[in-house]
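First up is the structure itself, then whatever we jot down about it.
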Amino acid sequence: MKKTTLLFVVTLVGALLAACTGGGTSPASIVGEWELVSYGNPASLTPALTEVETNISFGEDGQFGGNVGCNGFGADYKVSSDEVTFDAIVSTMMYCEAVADQESAVIGALSGNPVTFQLDGDTLTLTSADGASVVVLARK
């Protein structure tokens, strides 16, 4: 009877430890290509412009970049827990009136560090450091 109880306890402890550590699986990754869905104030999001193709990529090599309307941009990035920290984001400097608000809002939200993220299936939500702005992306 004691061996059976001990075996049960050891098995239970092993199962609990596996659950606490994720059972050996790695957390979901933001690496990949994304398209802009919406952005702005979390209480009243602005839908992305439909006539503009957008893309944002997070590379396995720590490189981030994309285009959300007119200008290309990029930076190095690091992920820690549920936060992303970007180095200074560099961008081309063309002016495109129709997408200027969208571009500046998205780049502005990502420029303050750290940015928190939430990954829910194929939807990635990035929230600015002050919580005042979000960027919602869908996996391509």
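If you read the sequence from its start, that first residue is 1, and numbering goes on from there.
To the nearest 0.5 Å, the span separating CG on Leu137 from CG on Leu36 amounts to 6.0 Å. Remark: Ile30 CD1 to Leu126 CG distance equals 7.0 Å, nearest 0.5 Å. For the atom pair CD (Gln118) and OG1 (Thr123), the distance works out to 9.5 Å, reported to the nearest 0.5 Å. Separating the OG1 atom in Thr46 from the CG atom in Asn41 is a distance of 8.5 Å, to the nearest 0.5 Å. With values rounded to the nearest 0.5 angstrom, Ile89 atom CD1 is found 8.0 Å from Asn113 atom CG.
Remark: Ser133 engages no residue in a side chain to side chain donor-acceptor pair (under 3.5 Å) (not counting sequence neighbours). Shown here are the ring pair (Phe, Tyr, Trp, His ring centres under 6.0 Å) partners of Phe64, two or more places apart in sequence or in another chain: Phe58, Phe73, Phe86. Partners of Asp130 according to the side chain to side chain donor-acceptor pair (under 3.5 Å) rule, which considers only residues two or more places apart in sequence or in another chain, are Ser128.
In terms of modelled atom types and a separation under 3.5 Å, the side chain of Thr92 and the main chain of Gly72 share a donor-acceptor contact. With Ser38 contributing its side chain and Ala48 its backbone, the two residues share no donor-acceptor pair below 3.5 Å. With hydrogens and angles ignored, the 3.5 Å screen pairs no side-chain donor or acceptor of Gln102 with any backbone N or O of Gly69.
In the hydrophobic cluster analysis, where Ile, Leu, Val, Met, Phe, Trp and Tyr join through side-chain heavy atoms closer than 4.5 angstrom, Trp34 is grouped together with Val79. Taken together through direct or relayed side-chain contacts under 4.5 Å among Ile, Leu, Val, Met, Phe, Trp and Tyr, Leu110 and Val52 form parts of separate hydrophobic clusters.
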- Dump the intermediate steps for side chain to side chain contact (heavy atoms under 4.5 Å, CB included) on Tyr39 and Val68, then the final yes or no. CA-CA 11 Å; Tyr39 61 94; Val68 289; over 6 Å; no
- Task: With side chain to side chain contact (heavy atoms under 4.5 Å, CB included) as the test, would you mind laying out the steps for Thr54 and Ile56 before giving the verdict?
- Result: CA-CA 7 Å; Thr54 63; Ile56 295 178; over 6 Å; no
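Through direct or indirect side-chain contacts shorter than 4.5 Å among Ile, Leu, Val, Met, Phe, Trp and Tyr, Val37 is connected to Leu45, Val134, Val136. Side-chain heavy-atom separations under 4.5 angstrom define the hydrophobic clusters, and Val90 shares its cluster with no other residue. Within the hydrophobic cluster formed by Ile, Leu, Val, Met, Phe, Trp and Tyr side chains joined at under 4.5 Å, directly or through other members, Met94 stands alone, with no partner residue.
Checking each of Cys96, Cys70, Ser91 against Glu103 for a side chain to side chain contact (heavy atoms under 4.5 Å, CB included) leaves exactly one that passes, namely Cys70. A side chain to side chain contact (heavy atoms under 4.5 Å, CB included) with Glu35 holds for exactly one of Glu53, Lys140, Arg139; it is Lys140.
Taking all atoms of both residues into account, the shortest heavy-atom contact from Pro114 to Thr85 is CB-OG1, 3.9 Å. Closest approach of Ala109 and Val135 over heavy atoms only: CB-CG2, 3.8 Å. Nearest heavy-atom pair across Ala75 and Ala88 is CB-O, 3.7 Å. In plain terms, the two heavy atoms of Ser104 and Asp101 that are nearest each other are OG-O, 3.3 Å.
More than 12 non-hydrogen atoms from other residues, nucleotides or ligands lie less than 6.0 angstrom from CD of Glu51.
Judged by distance alone, the side chains of Asp76 and Gln63 do bring a donor and an acceptor atom under 3.5 Å apart.
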